[in-house]
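I have placed the structure first, in the form of structure tokens, so that the comments after it can refer back to it.
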Amino acid sequence: MKTPHIGRVQMRILQCLWSRGRANAREITEALSADEPIAHSTVQTLLRQLEEKNVITHDAEDRTFVFYPLVREHDYKKGATQELIGRFFDGSPSELFAFLLENETVDSEELAKISAKIKSQSTQRKAKS
């Protein structure tokens, strides 16, 4: 299944729902406005769009819609990453890593984290063999 494209503010809404589990439009507006002002009507429009993309849905509680995600954060990130690697890096994760290292500023702390993760994965794979 293709991962639906989600814009920047839609992603912020989805992240809000992933962290809270469930929230109504007013709660989402307040959470997003803590970082950057956003109109409640804009949030409502974006919620409808996210429902059309089948990444969230809602329940009616009294006269209020309470929204929740249909897709788990890990699953969305995995699908989006696989699509990115497939579309832009010929299906090669190493090409993505090389591109990031050549074109992004990666400080020594981040490089150490990446190196530790690679060593951990390598050790796990050897143990399974």
Side-chain angles (χ1 to χ4, degrees):
M1 181 181 100
K2 186 177 178 190
T3 305
H5 173 74
I6 295 181
R8 183 183 65 83
V9 181
Q10 288 176 329
M11 182 56 71
R12 289 181 61 216
I13 290 171
L14 198 49
Q15 288 169 332
C16 178
L17 290 173
W18 283 328
S19 69
R20 293 171 179 246
R22 300 170 60 85
N24 64 41
R26 182 63 60 197
E27 292 168 333
I28 294 167
T29 301
E30 290 172 4
L32 297 184
S33 290
D35 295 327
E36 177 181 339
I38 187 167
H40 184 62
S41 59
T42 300
V43 170
Q44 290 174 314
T45 298
L46 294 172
L47 286 166
R48 281 192 300 277
Q49 291 171 354
L50 287 167
E51 281 192 299
E52 290 170 5
K53 294 176 182 184
N54 293 315
V55 292
I56 69 168
T57 193
H58 71 271
D59 290 329
E61 295 181 4
D62 295 321
R63 293 172 36 142
T64 303
F65 285 179
V66 178
F67 297 89
Y68 57 94
L70 291 174
V71 60
R72 294 181 322 161
E73 183 176 12
H74 174 80
D75 294 340
Y76 186 83
K77 286 180 179 180
K78 184 175 180 179
T81 302
Q82 288 172 336
E83 189 172 324
L84 173 73
I85 292 169
R87 286 183 65 201
F88 296 104
F89 299 98
D90 296 323
S92 172
S94 64
E95 289 295 321
L96 170 61
F97 280 120
F99 181 84
L100 291 171
L101 291 172
E102 291 168 5
N103 294 284
E104 297 294 324
T105 302
V106 183
D107 63 30
S108 58
E109 185 177 318
E110 286 294 316
L111 285 172
K113 287 179 186 177
I114 293 167
S115 180
K117 188 66 174 174
I118 291 169
K119 287 177 186 172
S120 171
Q121 289 294 312
S122 178
T123 303
Q124 289 176 8
R125 290 205 170 115
K126 285 180 183 175
K128 289 180 181 178
S129 299

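Checked against salt bridge (charged side-chain N to carboxylate O under 4.0 Å, His left out), Glu61 has the following partners two or more places apart in sequence or in another chain: Arg22. Judged as a side chain to side chain donor-acceptor pair (under 3.5 Å), and not counting sequence neighbours, Lys113 has no contacts. Here Ser94 pairs with Ser92 under the side chain to side chain donor-acceptor pair (under 3.5 Å) rule; sequence neighbours left out. Annotation: ring pair (Phe, Tyr, Trp, His ring centres under 6.0 Å) contacts of Phe65 (sequence neighbours excluded): His58. Not counting sequence neighbours, the partners of Lys77 by the salt bridge (charged side-chain N to carboxylate O under 4.0 Å, His left out) test are Glu73. Under the rule for a side chain to side chain donor-acceptor pair (under 3.5 Å), the partners of Gln44 that lie at least two apart in sequence or sit in another chain are His40. Checked against side chain to side chain contact (heavy atoms under 4.5 Å, CB included), Thr81 has the following partners two or more places apart in sequence or in another chain: Ile85. Applying the side chain to side chain contact (heavy atoms under 4.5 Å, CB included) criterion to Ala39, with sequence neighbours excluded, gives Ser41, Thr42. In terms of the side chain to side chain donor-acceptor pair (under 3.5 Å) criterion, residue partners of Arg72 (sequence neighbours excluded) are, by chain and number, Asp75. With sequence neighbours excluded, no residue satisfies side chain to side chain contact (heavy atoms under 4.5 Å, CB included) with Asn54.
When all heavy atoms of Ala23 and Ile28 are compared, the pair lying nearest together is CB-CG1, 3.8 Å. When all heavy atoms are compared, the tightest approach of Thr3 to Ala80 is OG1-N, 3.4 Å. Shown here for Gly91 and Pro93, the closest heavy-atom pair between the two residues is O-CD, 3.3 Å. The two atoms that bring Tyr76 and Pro4 nearest to each other are OH-O, 2.7 Å, heavy atoms only.
The hydrophobic clustering, which links ILVMFWY residues whose side-chain heavy atoms are closer than 4.5 Å, places Val66 and Leu50 apart.
Counting heavy-atom neighbours within 6.0 Å of Phe97 CZ, excluding the residue itself, gives a total of 12 or less.
Within the 3.5 Å criterion, the main-chain N or O of Leu111 finds no donor-acceptor partner in the side chain of Ser115. Side chain of Asp62 to backbone of Thr64: no donor-acceptor contact under 3.5 angstrom is found.
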Step by step, would you call Arg125 with Ser122 a side chain to side chain donor-acceptor pair (under 3.5 Å)? CA-CA 5 Å; Arg125 290 205 170 115; Ser122 178; over 6 Å; no
May I have the list of side-chain donor-acceptor pairs in residues 8-17 shorter than 3.5 Å, sequence neighbours left out?
{"residue": "Gln10", "atom": "OE1", "partner": "Gly7", "partner atom": "N", "Å": "3.0"}
{"residue": "Gln10", "atom": "OE1", "partner": "Lys53", "partner atom": "NZ", "Å": "3.0"}
{"residue": "Gln10", "atom": "NE2", "partner": "Gln49", "partner atom": "OE1", "Å": "2.9"}
{"residue": "Arg12", "atom": "NH2", "partner": "Leu32", "partner atom": "O", "Å": "2.8"}

Throw together a table of side-chain donor-acceptor distances under 3.5 angstrom for residues 98-109, partners on residues two or more places apart or in other chains.
{"residue": "Asn103", "atom": "ND2", "partner": "Phe99", "partner atom": "O", "Å": "2.9"}
{"residue": "Asp107", "atom": "OD1", "partner": "Glu109", "partner atom": "N", "Å": "3.2"}
{"residue": "Asp107", "atom": "OD1", "partner": "Glu110", "partner atom": "N", "Å": "2.8"}

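Residues Thr57 and Phe67 are not in side-chain contact: their nearest non-hydrogen atoms beyond the backbone lie 4.5 Å or more apart.
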